[in-house]
Structures are given as structure tokens and as C-alpha cells.
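Here the structure is laid out as C-alpha cells; the discussion comes afterwards.
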Amino acid sequence: MTTIESPTAVGSGNAATNKFKGARFTADTSPERLSAIATEALAGLSALIHKYAVTYPEYRVLKQWLIDVGEGGEWPLLLDVFVEHEIEEVNSRNFQGTKGSIEGPYYVPGAPELPAQCTLPMRDEDRAHTALILRGQVTDLDGTGLGGAVIELWHADDEGYYSQFAPHLPEWNLRGTIVTDAEGRYEITTIEPAPYQIPTDGPTGQFIESAGWHPWRPAHLHLRVTSPDKQPIITQLYFAGGDWIDDDVASATKPELLLDPQLDDTGRKVVTYDFALDPA
Ligand code: MBD
Ligand code: FE
């Protein structure tokens, strides 16, 4: 008999942290800009400490919690849930094409390459759920098809788990790198993901519970769409009428990103979504 480890907050958190640490990032921020941003950040913190007369016990609990966030590997989760949507917003202001959304902590580059018409890698138990067919075209802003454009798609399974961040799933489950045909068209078969719950057994989930908030994201597909000389799009697609659509803990839904799949006569759900890419 084989034992299957069940997913834990510390497991997915540290997997996300270790993946992020693998790439060392730099930014060309000047000392003046760094000083200005840091000064205002500290001023904001000072103001709320005075406003609420934050106590020593509260200060020590905060310090302990921040240590726990690091030890649980939850900095990617915490930041992407509560901060990334603001970064995405200010950095996509001038784009006219398909709306972006946050990347989140669970993107992994290098998923298996698949042809324009394909099925994502999945287990038999995934395949038992209703098939979802996502099809459409990748174009420039004038509607010209971009043949050979690349769509990276990754999403949770019917239990809300992502491969490589839950120990029981095959490495590339529900992840793929799809290359569009000569007209930029694609047709991907997958399944609908479940809504995502922030793990309740880690510091981010404990904080959310302590504040009386809810830990849910609506069901979503993550996509990264790229083509030479075009602005890459990182976005998410959601399901109209689904739970948490209007109350995403990560504040990352947009009305332009809603899908409304329809059942066809073979019992599969089908939906069309086109991507328009801004020039680079
Ligand atoms: C997710 O699946 C996600 O997309 C984000 C942004 C944060 C946590 C989990
Ligand atoms: Fe996600």
C-alpha cells in the first residue's frame, strides 16, 4: 500500500517560496525613489499605529505572525492575495488589449508543449468531471491572427489543488503550453476548477479567520499569452454566476474576464474567448 501525503499550508507555501527564490529578481530603482516610497510606507504605518494606539501585545503578536509567515513559506501567498492586484492595476493602465489579472503564487514555466487543439494533462479522476472546452483566437489590436502565439494555461483541479503545490498530483497536471495554429486559433479541453480556499492551517488563513474575513477565490483559469513583439498578457478567466465572483479575497476579478460556458449536445461545456495583445 502506498501512503499519499495530504496537502498542507506549509507544503504549498514552501513550494511557492522555493520556486520564487529560484529566480533572483532585480529592479532599477534609484536611491531617491526607494527613499520616497519607504518614507511614505513608514509614515502610513506610523499614522495607523497612532490612530489605533497599537498596544505592545499587538506589536508582539504582529512580530510573531510575520516570523510565522516566513517560516510557513507564505510570503508569495500573502503578497499575491493582498497586494498584487494593485501592482497589476497601475501597470496595465495604458493597455488597450485583453485585460490582465494577477499571476498569483502558482505559475510554473515550462509546462508540456501542446498543439493548438489539445487536452491538458489530467488524471482519470479529473477526466471524470464535465469537460470544459476553451477555444478562441489570439490577435493583435487590429484583429489579425497571431499564428504561433503561446498560451500557458494552469489551474486548480476539482478540489482546488494546483500541481507542484500539492504532493499527491502529477507534476504537470492541468498545466500546458499551447501553440496557436497559423491563424492564432486554439481549442483546449480541460475541466472546470473548483473555487480556491486559502489554506486554513497556515498564518495567512489564521489571519483571515481572526479578522472575520473569508478565505475564498472564485474558480479561475490562469493564462499567460505571448507572441513576438507583443506585450505579454498574464490574466485569469472566471465563471459567470460562480461563488465568490463579486467577493474575491484577492480582489482580482474584472467583468471583462467572465466566461459563460454552454453545454453542447455531447455533454461538454464550451466557451469562446479571444485574446488581443498590445504591441510591445
Ligand atoms: C491562487 O490560486 C491564486 O490565483 C492567487 C492569486 C492567490 C492564491 C491562490
Ligand atoms: Fe489561482
- What pairs with D126 under salt bridge (charged side-chain N to carboxylate O under 4.0 Å, His left out), at least two apart in sequence or on another chain? R123
- Query: For Y52, which residues count as a ring-ring contact (aromatic ring centres under 6.0 Å, His included) partner, sequence neighbours excluded?
  - Reply: none
- Message: Under the salt bridge (Lys or Arg N to Asp or Glu O under 4.0 Å) definition, can you give me all pairs with a residue in residues 29-56, not counting sequence neighbours?
- Response: none
- What salt bridge (Lys or Arg N to Asp or Glu O under 4.0 Å) pairs are there with at least one residue in residues 191-208, not counting sequence neighbours? E192-K269
- Message: Are more than 12 heavy atoms, taken from residues, nucleotides or ligands other than N91, located less than 6.0 Å from that residue's CG atom?
- Response: yes
- What residues form a ring-ring contact (aromatic ring centres under 6.0 Å, His included) with H220, not counting sequence neighbours? H222
- Query: Who passes side chain to side chain contact (heavy atoms under 4.5 Å, CB included) against T266, sequence neighbours left out?
  - Reply: D264, R268
- Task: Can you sort out the partners of A116 under side chain to side chain contact (heavy atoms under 4.5 Å, CB included), two or more places apart, ordered by chain and number?
- Result: D181
- Task: May I have all residue pairs that pass ring-ring contact (aromatic ring centres under 6.0 Å, His included) and include part of residues 113-140, sequence neighbours excluded?
- Result: none
- Note on the structure: Which of E171, H168, H155, R175 passes side-chain hydrogen bond (donor to acceptor under 3.5 Å, both in side chains) with S163? It is R175
- Are L174 and L169 close enough that some pair of their side-chain heavy atoms sits under 4.5 Å apart? no
Side-chain donor/acceptor pairs under 3.5 Å, residues 236-245, sequence neighbours excluded:
residue	atom	partner	partner atom	Å
Q236	OE1	R217	NH1	2.9
Q236	OE1	R217	NH2	3.2
Q236	OE1	Y238	OH	3.0
Q236	NE2	I102	O	2.8
Y238	OH	R217	NH2	2.9
Y238	OH	A252	O	2.8

- Message: Working to the nearest 0.5 angstrom, can you tell me the gap between I234 CD1 and Y107 OH?
- Response: 7.5 Å
List, one per line, each side-chain donor-acceptor pair under 3.5 Å for residues 82-90, sequence neighbours excluded.
residue	atom	partner	partner atom	Å
E84	OE1	E103	N	3.4
E84	OE1	G104	N	3.0
E84	OE2	E103	N	2.9
E88	OE1	K254	NZ	2.9
E88	OE2	S92	OG	3.2

Validation: residues 272-280 side-chain donor-acceptor distances under 3.5 Å, sequence neighbours left out:
residue	atom	partner	partner atom	Å
T272	OG1	R135	NE	3.3
Y273	OH	E256	O	2.8
D274	OD1	Q137	N	2.8
D278	OD1	Q96	N	3.2
D278	OD1	G97	N	2.7
D278	OD2	Q96	N	2.9

- Message: Checking R185 now: which residues fulfil salt bridge (charged side-chain N to carboxylate O under 4.0 Å, His left out) with it, not counting sequence neighbours?
- Response: none
